[in-house]
Colleague: 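Below is the structure I would like to discuss, written out as structure tokens.
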Amino acid sequence: DTTKPIVSITSPTSGSTYETDSSSINLSGSASDNKGVTQVVWSNSQGGSDVASGTTSWSITDVDLAEGANVITVTATDAAGNEGNRVLTVTYTPADTVDPIVSISSPTSSSTYETGSSSIDLQGSASDNVAVSKVTWANSRGGSGTASGTTSWSISGIALSDGDNVLT
């Protein structure tokens with residue numbers, strides 16, 4: 001017998017890649033062979049391996065994932081020792097639950113500023129545990145837009161009206 005078992009992964013996807021924000025994953029699928037499948041095992045390139053539950057219809061629960069790419073290989077073995085496998089690359093990206101931090105450094109870092117000008121330029125910084133994709137602004141008296149830059153940003157020519165203008 002030189003025929004390798006055929007392995008398929010059907011859940012969470014039948015594709016070759018999968019993305020998740022969960023730190024573990026469950027897999028299931030099937031394996032077939034002309035002489036019968038004796039065992040199905042899995043391994044993760046980021047660590048961990050074990051025997052799946054079942055053979056022709058198998059399942060794997062609670063595979064721990066490391067942040068980034070986890071190459072999970074499911075291997076079926078037949079009675080003659082032939083091995084067939086299927087690979088699923090699971091990319092784990094933790095959910096972003098932390099709000100960005102924004103600060104204004106110019107023309108002041110104070111929460112209030114007085115000017116006689118009809119417009120103002122702002123500069124500042126923004127940071128986040130994952131990434132800052134954009135910085136936007138709005139004036140309570142009208143007007144809004146997107147700053148130039150992200151972690152170091154600037155806004156030119158924000159129109160001001162007489163009285164209090166709350167810039168967010």
Colleague: With a 3.5 Å cut-off and no angle check, do the side chains of Ser152 and Ser125 form a donor-acceptor pair?
Modeller: no
Colleague: Output the distance between atom CG (Asn85) and atom OG (Ser43), rounded to the nearest 0.5 Å.
Modeller: 9.0 Å
Colleague: I want to check something: taking the side chain as every heavy atom from C-beta on, are Ile158 and Trp137 in contact at a cut-off of under 4.5 Å?
Modeller: yes
Colleague: Any side-chain heavy atom of Asn44 sitting closer than 4.5 Å to one from Leu65?
Modeller: yes
Colleague: Roughly how far, to the nearest 0.5 Å, is NZ of Lys4 from CD1 of Ile6?
Modeller: 11.5 Å
Colleague: At what distance, to the nearest 0.5 angstrom, does CD of Glu67 lie from OG1 of Thr91?
Modeller: 11.0 Å
Colleague: Give a yes or no answer on whether the side chain of Ser140 reaches the backbone of Val166 with a donor-acceptor pair at less than 3.5 Å.
Modeller: yes
Colleague: Using a 4.5 Å cut-off on heavy atoms from C-beta on, say whether the side chain of Trp42 contacts that of Leu27.
Modeller: no
Colleague: Can you see which heavy atom on Ala76 is nearest to which on Ala31, and at what distance?
Modeller: CB-CB, 3.8 Å
Colleague: With side chains defined as the heavy atoms from C-beta onward, is the minimum distance between Ile25 and Pro12 less than 4.5 Å?
Modeller: yes
Colleague: I'd like to know if the side chain of Ser119 reaches the main chain of Gly157, judged simply by a donor and an acceptor atom lying under 3.5 Å from each other, with no hydrogens or angles considered.
Modeller: no
Colleague: Could you grab the distance from atom OG1 of Thr77 to atom CG of Asn82, nearest 0.5 Å is fine?
Modeller: 9.0 Å
Colleague: Crowded around Leu160 CG? As in, over 12 foreign heavy atoms under 6.0 Å?
Modeller: yes
Colleague: Give every donor-acceptor pair under 3.5 Å between a side-chain atom in residues 14-24 and any protein atom, sequence neighbours left out.
Modeller:
| residue | atom | partner | partner atom | Å |
| --- | --- | --- | --- | --- |
| Thr20 | OG1 | Ser22 | N | 3.0 |
| Ser22 | OG | Ser24 | O | 3.1 |

Colleague: To the nearest 0.5 Å, how far apart are OG1 in Thr168 and CG in Asn139?
Modeller: 8.5 Å
Colleague: Checking side-chain contact (heavy atoms from CB on, under 4.5 Å) for the pair Asn129/Thr97: CA distance, chi angles, key distance, verdict?
Modeller: CA-CA 9 Å; Asn129 66 319; Thr97 59; 5.9 Å; no
Colleague: Between Asn26 and Asp62, does the side-chain contact (heavy atoms from CB on, under 4.5 Å) criterion hold? Intermediate values first, please.
Modeller: CA-CA 6 Å; Asn26 298 330; Asp62 296 325; 3.9 Å; yes
Colleague: For the pair Val40 and Val51, evaluate side-chain contact (heavy atoms from CB on, under 4.5 Å) and give the outcome as yes or no after the intermediate values.
Modeller: CA-CA 6 Å; Val40 176; Val51 177; over 6 Å; no
Colleague: Given 3.5 Å as the limit, does a donor-acceptor pair link the side chain of Thr115 with the main chain of Ser117, or not?
Modeller: yes
Colleague: What closest approach, in Å, do Trp58 and Val74 show between heavy atoms, and which atom pair accounts for it?
Modeller: CZ2-CG1, 3.7 Å
Colleague: Could you grab the distance from atom OG1 of Thr2 to atom NZ of Lys35, nearest 0.5 Å is fine?
Modeller: 10.5 Å
Colleague: Does some side-chain heavy atom of Trp153 sit less than 4.5 Å from a side-chain heavy atom of Ile104?
Modeller: yes
Colleague: Please check if the side chain of Asp78 supplies one atom and the backbone of Gly36 the other of a donor-acceptor pair under 3.5 Å.
Modeller: no
Colleague: Could you point out which residue of Thr150, Thr151, Ile101, Val102 forms a side chain to side chain contact (heavy atoms under 4.5 Å, CB included) with Ser127?
Modeller: Ile101
Colleague: Do Ser30 and Ser8 have a side chain donor and acceptor closer than 3.5 Å?
Modeller: yes
Colleague: For the backbone of Gly68 and the side chain of Asn70, can you confirm whether one donor and one acceptor N or O come within less than 3.5 Å of each other?
Modeller: yes
Colleague: Any side-chain to backbone donor/acceptor pair from Asp128 onto Ala126? Under 3.5 Å, distance only.
Modeller: no
Colleague: Spell out, as yes or no, whether a donor-acceptor pair under 3.5 Å connects the side chain of Arg86 to the backbone of Gly29.
Modeller: no
